[in-house]
4 protein chains.
Amino acid sequence: MAEKQSNKRQTILDASLILFTDRGFHGTPTSLIAKEAGVATGTLFHYFKTKEELIDTLYLEIKKESGSVLEDAASCGDSCREKLDNVSNALADWGLDNPRKIYFMQQFCYSPYISSTAQEEGVANFAFLTDLIRTGIKEGWLRDYPPELIRSIVSSALMDSVLMAARESDPRVQREVLKQSIELVLHGIVNE
Amino acid sequence: MAEKQSNKRQTILDASLILFTDRGFHGTPTSLIAKEAGVATGTLFHYFKTKEELIDTLYLEIKKESGSVLEDAASCGDSCREKLDNVSNALADWGLDNPRKIYFMQQFCYSPYISSTAQEEGVANFAFLTDLIRTGIKEGWLRDYPPELIRSIVSSALMDSVLMAARESDPRVQREVLKQSIELVLHGIVNE
Amino acid sequence: MAEKQSNKRQTILDASLILFTDRGFHGTPTSLIAKEAGVATGTLFHYFKTKEELIDTLYLEIKKESGSVLEDAASCGDSCREKLDNVSNALADWGLDNPRKIYFMQQFCYSPYISSTAQEEGVANFAFLTDLIRTGIKEGWLRDYPPELIRSIVSSALMDSVLMAARESDPRVQREVLKQSIELVLHGIVNE
Amino acid sequence: MAEKQSNKRQTILDASLILFTDRGFHGTPTSLIAKEAGVATGTLFHYFKTKEELIDTLYLEIKKESGSVLEDAASCGDSCREKLDNVSNALADWGLDNPRKIYFMQQFCYSPYISSTAQEEGVANFAFLTDLIRTGIKEGWLRDYPPELIRSIVSSALMDSVLMAARESDPRVQREVLKQSIELVLHGIVNE
DNA sequence: TATGAATGAGGATTCATTCAT
DNA sequence: CATGAATGAATCCTCATTCAT
């Protein structure tokens, strides 16, 4: 009932994620995306006016998805501290399930390929994190540093760690690597 | 006196760094690099067999330069702790002086555009950092976590911070941002 | 009515034959072929993945056409001797009508430009000739020499003669030259 | 005393013959010729003003060499008939010793790459053959056909045969193939 | 003579995008 | 909605040739 929209659109986005992370933007012709998605080249341009729009869309959808995953995690905690722990763990879980999405964000977040408007829109999905940090500082258990800076450091360190962990083959090792990363990073920002 | 060798090679590398960080690999035709460097297109290919070789070379030279800057800083400290501080500060200083080089490394370090052999060669320049960390752990003042993981977290967090800082216009603010970042990051990895 | 398939492919092949025989492979840019054929450069590469594939295709189509012309001629004779005469005359007729095709084959048959697989495929179209010669030898009226050798000598001599004849302007002279060539060549291979 | 001219010129011509027959004109950059010849690119252009001049020169030298080999052979016979036999055998001998030179002539004699003046000059070296044939016709033992046509047929058939023979590995087989070819071809042009 | 760095016009090929069906 | 043939501007790279040393 709800999922009316042709599934071709999603098929194209799925194929794009794989191809872009494997071969980069430039290394991925639209014709190849269409072929892998099993549609005609013209069809791709029905759903996305240009290649850039396709890229932006994919970027935003991933940003949105990860943002809401983390926001859900935050809402499941009672204390602010607990919320931050939940968020960290949720990022680890989701990242290990979706390493390509993490890779995509890391690889291209500063890329000139992504339009700056998409860039800004994407970042907006994580505004709640800054708020969370701000609260933690007020409560005194987070060190008193610029919330934006804390958020930036935490997220870049954790995203990189997810990528490191994803390179391990044993899931137990993956989880261990991320657990340690979280400990290291959070230890840096809490008092005591 | 001594540096006879044609400077065109270096001119091409310099122009490439600016163009690549402004416009990305794909957005930078070799013809434009040649034009900006003030040489003929053929000359570019005289020094670099392909565009990819140019990219790899630039990547490796930057990795090498930054590696040796940090290594020099490390050698100027007496204690291991002092060495680590010096390295952190050196990264901040060099990064603020060469934000494009940081940007280049961040933007492309996982990029499919850079050959994996160049990737590996580049990483080798930072092996001494892992050793330094290992020593710190043995001495007891660094927390006992996998040295590779610590190095990865510190470097990704600091490089990101350099980029944040570089966006500030006031040099004083830039230095302050980086000072805070170093405090946050190091606090995460030392005991107590 | 039936030939729906875009005729652009054939247009490109036709233009190629003229240009290649006039200017050689190297002297014929793909852009010029496209222009003469009245299509966009991209279209040429839509039908032929590379310039070499275009060349191979043209070579093979000509070999196939000439092969089937000669085979048809052979099938129209009662005796083996008659078949051989028919084949010789058919080569003369077809050659005078299509001197460029003869020229193309002569000029490039051993050329490094044509892939060796195309080379072999092309030769296969004339296998029936060797069989014909073999029969003639068994019947006793052809001299007992290696059939392959006979075929090679006859065809190289006649093809060259077609080219000589084609240089004459008067069709009557052309026919006379070829009649004489056939007499000379066949006289060399028959007994008595 | 006599061989003053720098041997580099000859070295370049030697390298050219090998490269041109292996890779064709277009597939052989002047830089590669220079490298194989062990000289600088500039040196090549000291001896040959352009690439075309190099090609023409090589073509003419080969034509001249083969022409004089055949002319020498002709001069060693008493009767006209004997001369023709000697010429045929000399072509076979020289061809087997220099298959690349035969190949070069065959591959490129009609090529648009060779200037038409070089073409004509080259053919001039074989004028004596036409005279020889003309004499043979007058003497009555050669069939009365246009001498030019006879010469053309004989030479194209024999050159092709040399190439066929050269593909054989056993020298004995090579000689046998050529002996048979000569028998076939000459049988076509003599009376009786 | 000999060198080889430098040149830049030219050429094969790619690919985002359109549009008639 | 869907198709895929057609387009042609744009790009990477080659290579004959020059010239300062």
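These values consider heavy atoms only, across backbone and side chains, with no hydrogens, waters or symmetry-generated copies. Residue numbering restarts at 1 for every chain, and letters A, B, ... go by the order of the sequence lines.
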Checklist entry - Is there a donor and acceptor pair, one atom on the side chain of B/His46 and one on the base of E/dA6, closer than 3.5 Å? => result no

Item to check | base_contact_polar (E/dA5 base, D/Thr41 side chain, donor-acceptor, <3.5 Å) | outcome: yes

Output the rounded distance in Å from [atom1] ([X]) to [atom2] ([N]).
{"X": "D/Arg9", "N": "E/dA2", "atom1": "CZ", "atom2": "C1'", "result": "17 Å"}
{"X": "B/Ile33", "N": "F/dC13", "atom1": "CD1", "atom2": "P", "result": "10 Å"}
{"X": "A/Lys35", "N": "E/dT14", "atom1": "NZ", "atom2": "C1'", "result": "14 Å"}
{"X": "C/Lys49", "N": "F/dA5", "atom1": "NZ", "atom2": "P", "result": "13 Å"}
{"X": "B/Leu19", "N": "F/dC12", "atom1": "CG", "atom2": "P", "result": "12 Å"}
{"X": "C/His26", "N": "E/dG10", "atom1": "NE2", "atom2": "P", "result": "12 Å"}
{"X": "C/Leu32", "N": "E/dA12", "atom1": "CG", "atom2": "C1'", "result": "14 Å"}
{"X": "A/Ile55", "N": "E/dA16", "atom1": "CD1", "atom2": "C1'", "result": "11 Å"}

Under 4.0 Å between a side-chain N/O of [X] and OP1 or OP2 of [N], yes or no?
{"X": "D/Lys8", "N": "E/dT3", "result": "yes"}
{"X": "B/Thr30", "N": "F/dC12", "result": "yes"}
{"X": "C/Thr43", "N": "F/dT7", "result": "yes"}
{"X": "A/Tyr47", "N": "F/dA2", "result": "yes"}

Next on the checklist: Regarding C/Glu53 and C/Arg9, does a basic nitrogen lie under 4.0 Å from an acidic carboxylate oxygen?
Outcome noted: no

Checklist entry - Looking at C/Arg23 and C/Glu36, does any basic side-chain N land under 4.0 Å from a carboxylate oxygen? => result no

Counting only side-chain heavy atoms from C-beta out, which of [options] sits nearest to [X]?
{"X": "C/Phe45", "options": "E/dT14, F/dT14, E/dA16", "answer": "E/dT14"}
{"X": "A/Thr50", "options": "E/dT17, E/dT7, F/dG8", "answer": "E/dT17"}
{"X": "B/Lys51", "options": "F/dC12, E/dA12, F/dT3", "answer": "F/dC12"}

Item to check | Donor-acceptor contact below 3.5 Å, side chain D/Asp22 vs main chain D/Leu19 | outcome: no

Next on the checklist: Main chain of C/Pro29, side chain of C/Lys51: is a donor-acceptor contact present, judged purely on distance under 3.5 Å?
Outcome noted: no

Quick one: look up who [N] pairs with, Watson-Crick or G-U, both distances under 3.5 Å, and put none if it's unpaired.
{"N": "F/dT14", "value": "E/dA9"}
{"N": "F/dT7", "value": "E/dA16"}
{"N": "F/dT21", "value": "E/dA2"}

Checklist entry - Where each residue is assigned the nucleotide of DNA chain E containing its nearest heavy atom, which of B/Leu44 and A/Gly42 is assigned the position nearer the 5′ end? => result B/Leu44

Checklist entry - Using a cut-off of 4.0 Å on non-hydrogen atoms, how would the nucleic acid contact of D/Phe48 be classed: base, sugar-phosphate, or nothing? => result nothing

Item to check | Note, D/Phe48 side chain near D/Ile33 side chain (heavy atom, < 4.5 Å) | outcome: no

